[in-house]
Novice: 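This is the structure I want to talk about, given as structure tokens.
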2 protein chains.
Amino acid sequence: MKFEAITIKDIAKALGLSTSTVSRALRDSYEISPETKEKVLLYAKENNYRPNPIALSLKEKRSSSIGVLVCEIANSFFSQAINGIESVAQEKGYNVIIAQSKEDFEKEVSSLQYLASRSVDGIVFSVSGETSDFSHVQQLYSRGMNMVSFDRVVDFPDIHKVSVDNYKAAYDATTHFIKNGYKNIACVANAAFLSITKERVEGYKDALKDHKIQLNPENIYYCLHGGLLYEEVAEIMAHATKGKSKPDAILACSDKITTSIMRYCQQENIAIPKQVGLVGFSNLDLTDLLAPSLTVVQQPAYEMGRIAAELLIKQIESKRPIKEFEDVVLATELHQRASSEKKKA
Amino acid sequence: MKFEAITIKDIAKALGLSTSTVSRALRDSYEISPETKEKVLLYAKENNYRPNPIALSLKEKRSSSIGVLVCEIANSFFSQAINGIESVAQEKGYNVIIAQSKEDFEKEVSSLQYLASRSVDGIVFSVSGETSDFSHVQQLYSRGMNMVSFDRVVDFPDIHKVSVDNYKAAYDATTHFIKNGYKNIACVANAAFLSITKERVEGYKDALKDHKIQLNPENIYYCLHGGLLYEEVAEIMAHATKGKSKPDAILACSDKITTSIMRYCQQENIAIPKQVGLVGFSNLDLTDLLAPSLTVVQQPAYEMGRIAAELLIKQIESKRPIKEFEDVVLATELHQRASSEKKKA
DNA sequence: AATTATACCGGTATCGTTTGCGTAAATTAA
DNA sequence: TTAATTTACGCAAACGATACCGGTATAATT
């Protein structure tokens, strides 16, 4: 069975009018007599007429929908961001079409291709962890697709970007460790290509430098899959805790990495923060209830989604090409809790 | 700027053919000579031709997209379910359009209206906590929209449903409490209208009855907003812990309720499970890391999403009206952890 | 009375694609 | 040689809505 909506033609036929008259009556044109308007409006209301958005899209060459590409929906950061995107889209009369890259480059390329071919008016995207080459994005963008880069932003200039101050976030988190007496701080980051990874690692390094702590390159670890695979993190942790370096603190640079590290520590009976302190990037809303309560860097995901969507829609609806590109950088929040508490002597 | 894709007309003009010939060549029709086909195919490939899905939708009266209505995207259960839906949709060539009701009846009605007017081919939906009257769904459904009800299912028969065995989940959780020595078990549930609420409360009641424990009606609490508001839960907890009944165990019937209760207990220094045992419905993947580790009823959200999407797409693509409706009921998993451990004497 | 203005409405092209029908040319059959 | 058939393509309608370009009837103006 099929859902068949009433069309302007049906109204025209029922009332003995032409489609153009009905169309104009519905759009309240001055060329239509009040009586005719009333008749049409009444009939339309009674029969619950809605203009067919697909026909409109075809005519107007716009679909009033925006695509969202993230690596994983079932991730608190991204679902909160999508929440923000959806709320703005709803307000402005757009719908949201979602696609996932699952941190896979091929899937990212095909998903973008897919969204573009689905005639979305624009795309908000965060690149996958495997993405070091942005030419597929660049290409689509230069062909005229409206795009806003968020979270894991691309490295070319003329595009709206929405991200957080990852450098400062990592710098502050590392400094927080140092102030609390931790000496040998490791950093477990996402895939090395990512903008967020580079910035976070840089913040981490600079914090060490500024506090005159010698950087040990072995203390920096990268997860190609961003912790999507537990084993990836477990291996790193095994290496870190059983190797020479033996860090007394770990800065975990993603949600999944953070959780995986906690799980590893619990399984291996590694006491947090006694044996190893932990600060994690996380947007889960119950990190305060963990054992121990977790010091986290929290990102304004919902807000990021809202801003990205607003920029995108503004760009879509702009008459002339955008010349000035925003590079919105929001602040993160460091919630200090037990997992990184002050070292006792 | 606008993203302008190449059309069949462009190809026709470039090669000096008619659009119909190009169309047929692309669809590999027998009426087109091999040479012409080759020319067209080559040109199409070189210029990255993709058929305009909007034009196709208009013609075929189908959009190859499905709508998803949930109350909140940023909820682990629903984001996992959406994940499952998206994965099936992707496989079958559909895209997913999402909408949120935010547990609000009005917003649910308008969101459904919205999805329908956006010409989706079908809708997977979970009703809001305020929804006791299903006539808006019933109406849309009887007008021919393909729909699958999941999680919080509707009460009318001729529709595909995908849910979990909420009765058994609550029954087993309650029984688990009883076996571990808890005597005065409270149940904090979602809005009373919801199918999942009724089933869970029923399971709770029957478990008590079967173990010859007198039911205290005051021990059953309902959250109209499903715990979306912390205050809602805090009030209930205040009433429960400071009132006469003083339960020694609580069955929390939703993700948010569970988290809120834990947070309340932490703030009020109520020891879990010593002062009050806790079992919660939750799909978060770090409940094992909480303090104390949390006994949870976990739902196969991803699987539910997959099944719902499969049923919907099968229905969409079915030539004749469906007569047999599935009522898929999946099992939940009870993960026993510290928050409900055995009472000492 | 002829012209002009105004009010109202219809015809048709358009968006991109598919498809039934028509037809010229080429080929085959008689 | 002529008729029948096949091959290979074009024309036009259709999907739903809009908008330009008209057109007609009545009323107002010269």
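Bear in mind that the values here come from a model prediction, so they are computed numbers and not experimental data. First the proteins, then the strands, lettered A, B, ... as listed; each starts at 1.
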Novice: Write down the distance between CD (A/Glu38) and P (C/dC9), rounded to a whole number of angstrom.
Specialist: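 Going from CD in A/Glu38 over to P in C/dC9 covers 13 Å.
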Novice: Would you call A/Lys102 and A/Glu130 a salt bridge, using N to O less than 4.0 angstrom?
Specialist: no
Novice: Return yes if the base of D/dG10 and the side-chain atoms of B/Arg24 contain a donor-acceptor N/O pair under 3.5 Å, otherwise no.
Specialist: yes
Novice: Could you tell me whether the phosphate oxygens of D/dA8, OP1 or OP2, come under 4.0 Å of any side-chain nitrogen or oxygen in B/Thr21?
Specialist: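 Result: no.
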Novice: Please tell me which of the listed nucleotides, D/dC15, C/dG11, D/dG16, lies nearest to the side chain of A/Ser18?
Specialist: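 The nucleotide sitting nearest to the side chain is C/dG11.
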Novice: Just how far, in rounded Å, is C1' of C/dC8 from CD of A/Glu35?
Specialist: 10 Å
Novice: Please state how far atom CG in B/Leu56 lies from atom C1' in D/dG16, giving the value in whole angstrom units.
Specialist: 15 Å
Novice: Map B/Thr36 and A/Ile6 onto DNA chain D by nearest heavy atom, then report which one ends up closer to the 5' terminus.
Specialist: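 The residue whose closest nucleotide sits nearer the 5' end is B/Thr36.
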Novice: So what does B/Ser23 touch, heavy atoms closer than 4.0 Å: a base, only the sugar-phosphate, or nothing?
Specialist: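 B/Ser23: base contact, heavy atoms under 4.0 Å.
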Novice: When you match B/Ile32 and B/Leu58 each to their closest nucleotide on DNA chain D, which lands nearer the 5' end?
Specialist: B/Ile32
Novice: Within the 4.0 Å heavy-atom criterion, would you say B/Leu17 contacts the bases, only the backbone, or no part of the nucleic acid?
Specialist: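 B/Leu17: backbone/sugar contact only, no base atoms under 4.0 Å.
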Novice: Take the protein atom CG of A/Leu26 and the nucleotide atom P of D/dG16, then report the distance between them rounded to whole Å.
Specialist: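 Nearest whole value for this atom pair: 15 Å.
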Novice: Side chains of A/Asn83 and B/Glu72: any donor to acceptor distance under 3.5 Å?
Specialist: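 Short answer, yes.
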Novice: Quickly work out the B/Ile8 CD1 to C/dT19 C1' distance and round it to whole Å.
Specialist: 12 Å
Novice: The test is salt bridge (Lys or Arg N to Asp or Glu O under 4.0 Å); show your working for A/Arg306 and A/Glu91 and say whether it passes.
Specialist: CA-CA 11 Å; A/Arg306 280 197 65 94; A/Glu91 289 164 16; 3.2 Å; yes
Novice: Taking atom C1' of D/dA17 as reference, at what distance in whole Å does atom CZ of A/Arg50 sit?
Specialist: 16 Å
Novice: Rounded to whole Å, please give me the gap between OH in B/Tyr30 and P in D/dT6.
Specialist: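 For the pair B/Tyr30 OH and D/dT6 P, the rounded distance is 11 Å.
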Novice: Measuring from the side chain of B/Arg27 (C-beta onward, heavy atoms only), which nucleotide among C/dT18, D/dA17, C/dT17 has the closest atom?
Specialist: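 That would be C/dT18.
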Novice: Using OP1 and OP2 only, check whether a side-chain N or O of B/Lys9 sits under 4.0 Å from C/dC15.
Specialist: yes
Novice: Are A/Ser128 and A/Thr131 close enough that a side-chain donor and a side-chain acceptor fall under 3.5 Å?
Specialist: yes
Novice: Rounded to whole Å, please give me the gap between CD1 in B/Ile11 and P in D/dG10.
Specialist: 14 Å
Novice: Is there a donor on the side chain of B/Ser20 or the base of D/dC11 sitting less than 3.5 Å from an acceptor on the other?
Specialist: yes
Novice: Give A/Tyr49 one of three labels, base, sugar-phosphate or nothing, depending on what nucleic acid heavy atoms sit under 4.0 Å from its own.
Specialist: sugar-phosphate
Novice: Distance check: side-chain N/O of B/Lys61 vs OP1/OP2 of D/dG16, anything under 4.0 Å?
Specialist: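 The answer is yes; a side-chain N or O of B/Lys61 sits under 4.0 Å from OP1 or OP2.
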Novice: Is it true that A/Arg50 and A/Asn48 share a donor-acceptor pair across their side chains at a distance under 3.5 Å?
Specialist: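 A donor-acceptor contact under 3.5 Å links the two side chains.
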